[in-house]
2 protein chains.
Amino acid sequence: MSRNYHHGALAEAMVDQALADVRVQGAEHVSLRSIAQTLEVSPSSAYNHFADKDDLLRAVGACGLAALDERMARVLAAHPTDSPDAARARFSGLGRAYLAFAIDETHLFQLTFGPICAVQEISPEDTGPYNKLTTALDDLDRWQLLKPGIRSDLDLMVWASTHGMATLLVEGAVPPESVDAFIDSMARLVFIEGALSAAEVR
Amino acid sequence: MSRNYHHGALAEAMVDQALADVRVQGAEHVSLRSIAQTLEVSPSSAYNHFADKDDLLRAVGACGLAALDERMARVLAAHPTDSPDAARARFSGLGRAYLAFAIDETHLFQLTFGPICAVQEISPEDTGPYNKLTTALDDLDRWQLLKPGIRSDLDLMVWASTHGMATLLVEGAVPPESVDAFIDSMARLVFIEGALSAAEVR
DNA sequence: CACCTCATATGAACATTGTCAACATAGGAG
DNA sequence: CTCCTATGTTGACAATGTTCATATGAGGTG
């Protein structure tokens, strides 16, 4: 009664509320009805905008992916210089951003990469996190900072290891403190002249 | 009425049935009640053996972890020889087994490493998949097959990348065909004398 | 302005689910 | 045999996702 969502803002409002709820309780404990109740709206009104509860959650998952991508974009924006040091800082910074997202937004991470949100197979024209990683690797290669001959192996390998480390963090298999060790190991394995100290970036 | 579970086999039977259901529908679509119905048992009987639905699912998740570990153990048993080639075969075989499990048992993998089953932080006395990976790495190191100086970086790195590749497969972000490329890249990055051909193992 | 129409919200209802408390019973210990 | 404990049953409750018929408002058309 009081507020009427007849202006089409309900969809957005529901995604926002669902996002907030996912952040605190995790996607599995989110209820359509309680979202509707918080918004002072009938439960069935959701079905004018979403086919399904999962459909709403997929929208939230897309927000999660966007949030991750934004964190990575911020890292790139923070190191605009075109120097070898900047290239290394961008690379390590991207990895750190990915892992920080997993730590800060555990529940959102789980939804975004969970069973509900079907991630589409990566494509050449991707502009998200994967693309940012590969172009950072291209940068490193251009400055000849990578060990010789390994460039082509790194796309999948760096992606998998970073994503894997993120899920290990999320699952609690590994403590947040091991992020530094991970980044350092990555640098030692990939850079030509050895380690990038943990303190070098942030 | 007909069959009586008064011999204590209900718990095991429920885990078995739940495991079967998880395999086909995924953990999120299994219901306590339907499991009980299939077993011709009252829904509430479950609560004599499990605190919770999640408690039952955790038991299923433990089965998943055991199944993964068994696959890896089988690989080790298949390469008992103590030669450099055997060491490399064991290493690649372990990775392949991990990824094959993710592909074959997607739903079980998702449950085992999902939010419901809290994986305990890895410990030195672990005897599961992680331990098998690290001892395989020790083997490689003993035969001096690893690039110099990288041994200590590989524990976390190999684990994270393999687990990450597995989750990428499960999420559909990467097609099953890329497993070979992944294993090959891993070999090129880790072994001292370059690539291990995809056909070399299996 | 009046009207109509479509997108949107509501209400009541349904089936299903997890969970619980009170009760029944089986089967071994004494 | 008797009793006790572990195990299974019955019936109920609240919450959830979903649907359908209905109401209502907003915006364009006459």
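So that the names make sense, note that chain A is the first sequence line, chain B the second, and so on, each numbered from 1. Computed from a prediction, not measured in an experiment: that's the story for all the values here.
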Phosphate OP1/OP2 of D:dA6: any B:H49 side-chain N/O under 4.0 Å
no
CG of A:L57 versus C1' of D:dG17: gap in Å, rounded?
12 Å
As a test of reading the structure: which of D:dT18, D:dT9, C:dT19 is closest to the side chain of A:D52, going by heavy atoms?
D:dT18
Measuring from the side chain of A:S42 (C-beta onward, heavy atoms only), which nucleotide among D:dT10, D:dG17, C:dT10 has the closest atom?
C:dT10
Separation of B:E12 atom CD from D:dT7 atom P, in whole Å?
14 Å
Tell me if the CD atom of A:E121 is crowded by more than 12 foreign heavy atoms within 6.0 Å.
yes
Which is it for A:D139 and A:R88 under the salt bridge (charged side-chain N to carboxylate O under 4.0 Å, His left out) test, yes or no, and what are the steps along the way?
CA-CA 9 Å; A:D139 253 22; A:R88 302 204 306 184; over 6 Å; no
Touch check for B:S45, heavy atoms < 4.0 angstrom, all strands: base, sugar-phosphate only, or nothing?
base
Could you check whether the side chain of A:S34 and the base of D:dT16 have a donor-acceptor pair of N or O atoms closer than 3.5 Å, going by distance alone?
no
Determine the interplanar angle of the A:W159 and A:Y130 rings, folded into 0 to 90°, and report it as parallel if under 30°, tilted if 30 to 60°, perpendicular if over 60°.
tilted
Let me know the distance between CZ of A:R33 and C1' of C:dA15, rounded to the nearest Å.
12 Å
Counting only side-chain heavy atoms from C-beta out, which of C:dT10, D:dG17, D:dT9 sits nearest to A:L32?
D:dG17
Rounded to whole Å, CG of B:L10 lies from P of D:dT9 at a distance of 8 Å
Side chains of A:E12 and A:H49 only: does a donor on one sit below 3.5 Å from an acceptor on the other?
no
C:dT16 C1' sits how many Å from B:I35 CD1, rounded?
15 Å
From CG of B:D55 across to C1' of C:dG18 the rounded distance in Å is 14 Å
Could you please name the option among C:dT19, D:dG17, C:dT10 that lies closest to any side-chain atom of A:Y47?
D:dG17
Looking across every strand, which nucleic acid part, if any, lies under 4.0 Å from A:S31 by heavy atom: base, sugar-phosphate, or nothing?
sugar-phosphate
Among the nucleotides D:dT18, D:dT10, D:dT19, whichever has the atom closest to the side chain of A:S44 is D:dT19
Ring centers of A:F109, A:H163 separated by less than 6.0 Å
yes
Taking donor-acceptor contacts at under 3.5 Å, does the side chain of A:N48 reach the base of C:dA7?
no
Rounded distance (Å) that lies between atom P of D:dT10 and atom CD of B:Q37
13 Å
Check the distance between D:dT16's P and A:D54's CG and give it to me in whole angstrom.
16 Å
